[in-house]
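Worksheet for the structure shown next.
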Amino acid sequence: MAGFLARRLLNYAVLIVVAASLAYLLAAIALDPRSNYADRTPKPPATVVDAQLTALNLNDKTPLLQRYATWAGGVLHGDFGKSVAGASVNEDLKRRMGVTFRLVMLGLICGSLLGVLLGAAAAVRQYGWFDRLTTGVSFVVLAVPVVVLANILILLASWANFRLFDRQVFLVSGEYSVGLEAGFWGHVVDRLQHLILPTVSLSVGLIAVFSRYQRNMMLDVIGADFVRTALAKGLSRRQALTRHALRTALIPVMTYFAFTFGALLTGATFTEKIFGWHGLGEQLINSIFTNDVNTVAAISFLAAVSVLCASLASDLLHAALDPRVRA
Amino acid sequence: MTLSDEELAEELTDGTAYRAPSRLRVVTGRFFRSTQGRIGFAVLALMFLLAFAGPLVNRWSYTDKDLTAFMRPPSADHWFGTLQTGSDVFAVTLRGMQKSLIVGLLAALVSTALAAVVGAFAGYFRGWTERSLTWLTDLLLVLPAFLILAIISPLFGSGQWVVFVIMLALFLWMVTSKIVRGMAISVKEREFVQAARYMGVPPVRIIFRHVIPNLSSLLIVDATLNVSAAILTETSLSYFGFGIQPPDVSFGTLIADGSRTAVYAPWTFWFVAGLLVVTVLAVNLMGDALRDAFDPSAKRSR
């Protein structure tokens with residue numbers, strides 16, 4: 001196991017380095033920081049622009065590889081460079097990382113837990129009303145992209161606030177109300193009000209995917225000999241299903257988990273941007289529009305790291321669930 | 001069944017030569033017998049008809065601006081209402097739908113072809129070819145496709161939607177190619193591939209003649225499901241301004257514009273969003289029915 005893990009980690013380290021370099025090079029080629037200065041009035045002299053761009057390591061007159069070397073040297077020391085406005089990328093992203101992390105974790109936990117539970121429940125009574133209902137609903141949900149879902153949720157929420165509650169129950173913009181004068185519980189309630197819609201829009205898709213997958217895996221397992229044996233040795237149906245069937249059916253789902261994580265990050269990007277959360281995803285979209293090469297590269301780096309962490313976590317969970325892997 | 005049995009059976013069929021039903025006929029038969037397949041196919045055909053024949057019956061084209069009607073709700077004159085600029089929502093929506101359907105279809109075709117080639121080469125040649133191709137696949141899976149596409153989006157420019165389609169396809173093939181590789185490894189050991197190899201057929205020709213055609217059922221299903229994936233990705237990218245650029249319109253740009261005015265002008269948002277969801281749903285239903293039709297031994301999904 002240790003050797004396997006060491007090889008995996010080494011492979012991941014190489015992948016991260018290459019992926020981050022690729023992201024930097026693509027961003028440096030595609031984005032044009034010089035154009036930020038073009039429509040300023042009065043137009044700054046060319047030498048000033050050049051000096052400023054060079055100071056930020058964004059000057060396109062410096063050869064690409066030289067800029068890359070400067071950037072890579074900084075990253076090795078844990079410094080992601082400066083944004084186009086001259087602020088430190090590290091400081092900015094450190095603040096934003098927490099926001100994205102909270103959103104993604106919550107969406108992931110809600111999505112995978114509910115999805116697995118719904119899928120397992122649907123499989124227990126195949127073709128029952130619950131199975132049919134979840135199948136139908138997940139089919140529809142899988143056809144709704146996050147951007148549309150988020151907008152529909154906003155519309156529904158504002159309708160509900162206006163018609164049903166007659167006050168602001170669901171808050172659709174930002175992570176918390178600025179300048180709210182309330183006690184500790186007031187702040188908690190305020191955060192929850194902001195949290196509901198983004199979490200729903202992020203996790204609904206995951207629930208649909210996981211429940212479909214878990215259901216199919218569970219159906220494969222329910223008829224297996226070891227479940228019958230467990231029943232024969234005197235376990236109740238419930239115990240046999242939870243201890244043996246559910247656990248075995250979880251193994252392939254865990255492998256699938258690594259694949260969905262990238263999609264989850266993308267979903268979080270949309271959710272943050274639409275609901276106005278100041279997280280990494282929102283910053284990614286903003287920084288592409290402001291031609292902020294260093295910020296884009298840093299966020300790509302973090303995305304690659306987190307996808308590989310998810311992949312590692314799914315390997316470890318796999319080992320925890322499947323004794324054959326540990327041997 | 002022995003030889004004489006076969007002869008007997010042949011006699012029993014009154015001398016008319018018994019022809020084995022072709023696989024195509026069997027599969028299409030199964031496909032159209034399933035409710036999902038019928039509904040999916042009918043809806044998708046309807047969507048195509050709407051997108052390409054709809055503009056012919058509408059008296060407004062997508063470039064027309066009705067200066068007497070800004071932000072009007074649906075009426076006999078403007079079936080889906082009008083936008084702030086006076087554009088007819090019906091005409092603009094159909095125009096966006098054409099673009100989204102074409103982009104989705106092309107991107108799915110290209111990405112499935114790419115997945116087939118990369119996966120089959122990796123599975124057939126093994127060794128360093130496999131290792132480097134697998135590594136490339138893993139590398140592209142590490143960075144979310146949306147991220148890369150968004151970063152390189154300034155290169156697309158306006159009107160260059162073909163470049164966009166190719167880039168979209170370049171970042172959709174990875175998961176399929178992993179599956180294809182696994183199946184190619186097992187196909188490689190089959191007798192007909194070995195026979196071809198011993199007859200001296202060059203490897204590349206074996207891959208295109210024998211390996212890839214034997215994976216066609218998987219590839220067809222996958223191409224179908226990739227259409228919906230491509231349409232969804234295109235929508236999300238265009239929503240944020242990274243995909244189809246103005247003056248072209250697509251579902252994504254229309255939804256982005258519509259969502260801003262949806263509160264007081266619901267017709268600018270719900271028609272487009274509804275058509276998008278119905279289209280993707282129909283494609284997914286078709287893909288699911290196709291999968292069942294190709295592989296009846298697999299558990300029915302309903």
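The analysis underlying the following values was restricted to heavy atoms, covering all of them including side chains, and did not include hydrogens, waters or symmetry mates. Letters go in sequence order (proteins before strands), and every chain restarts at 1.
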*OG1/T269(A) to CZ/F146(B) distance, rounded to the nearest 0.5 angstrom?*
6.0 Å
*Out of curiosity, S259(B) OG to I152(A) CD1, how far, rounded to the nearest 0.5 Å?*
11.0 Å
*Heavy-atom distance under 4.5 Å to chain A: side chain of V283(B), backbone, both or neither?*
neither
_Which atoms of L26(A) are under 4.5 Å from chain B, going by heavy atoms: the side chain, the backbone, both sets, or neither?_
both
_Options I288(A), V305(A), V307(A), ranked by heavy-atom pairs under 4.5 Å with chain B, top entry_ = I288(A)
_F251(B) portion near chain A, given a 4.5 angstrom heavy-atom threshold_ = neither
*Between I299(A), I274(A), L284(A), which shows the greatest number of heavy-atom pairs under 4.5 Å with chain B?*
I274(A)
*Could you please spell out the steps behind the side-chain contact (heavy atoms from CB on, under 4.5 Å) verdict for D138(B) and Y12(A)?*
CA-CA 10 Å; D138(B) 283 342; Y12(A) 284 174; over 6 Å; no
*asked:* Within this structure, what is the CG-CG distance for the pair L140(B) and L22(A), rounded to the nearest 0.5 Å?
replied: 7.5 Å
*For L281(B), is it the side chain, the backbone, both, or neither that has a heavy atom closer than 4.5 Å to a heavy atom of chain A?*
both
_Counting only heavy atoms not in M97(A) (residues, nucleotides, ligands), do more than 12 fall under 6.0 Å from its CE?_
no
*Any side-chain heavy-atom pair from I255(B) and V148(A) closer than 4.5 angstrom?*
yes
*Can you measure from CD1 (I29(A)) to CD1 (I151(B)) and round to the nearest 0.5 angstrom?*
11.0 Å
*Could you pull out the closest heavy-atom pair between L232(B) and A143(A), with the gap in Å?*
CD2-O, 4.1 Å
*Tell me, side chain or backbone of L143(B) under 4.5 Å from chain A's heavy atoms, or both, or neither?*
side chain
*Go through the atoms of L308(A) and report whether side chain, backbone, both or neither lie under 4.5 Å from a heavy atom of chain B.*
side chain
_Side-chain heavy atoms of P154(B) within contact of L31(A), under 4.5 Å_ = yes
*Pick one of side chain, backbone, both or neither for I154(A), based on which atoms fall under 4.5 Å of a heavy atom in chain B.*
neither
_For A303(A) against L147(B), the heavy-atom pair lying closest together_ = CB-CD1, 3.7 Å
*Is the count of non-hydrogen atoms from other residues, nucleotides or ligands lying under 6.0 Å from F41(B) atom CZ greater than 12?*
no
*Which one of N291(A), L155(A), N11(A), T266(A) has the most heavy-atom pairs closer than 4.5 Å to chain B?*
L155(A)
*Which residue out of V293(A), V144(A), I285(A) racks up the most heavy-atom pairs below 4.5 Å with chain B?*
I285(A)
*Can you tell which of S300(A), A20(A), A27(A), A23(A) has the highest number of heavy-atom pairs within less than 4.5 Å of chain B?*
S300(A)
*Say you draw a straight line from CG of N151(A) to OH of Y239(B); how long is it, rounded to the nearest 0.5 Å?*
3.5 Å
*Say you draw a straight line from CZ of F240(B) to CZ of F289(A); how long is it, rounded to the nearest 0.5 Å?*
9.0 Å
*Please look at I231(B) and chain A and tell me whether the side chain, the backbone, both or neither of the residue comes under 4.5 angstrom of a heavy atom of that chain.*
neither
*Any chance CZ of F101(A) has more than 12 other-residue heavy atoms, nucleotides or ligands included, within less than 6.0 Å?*
no
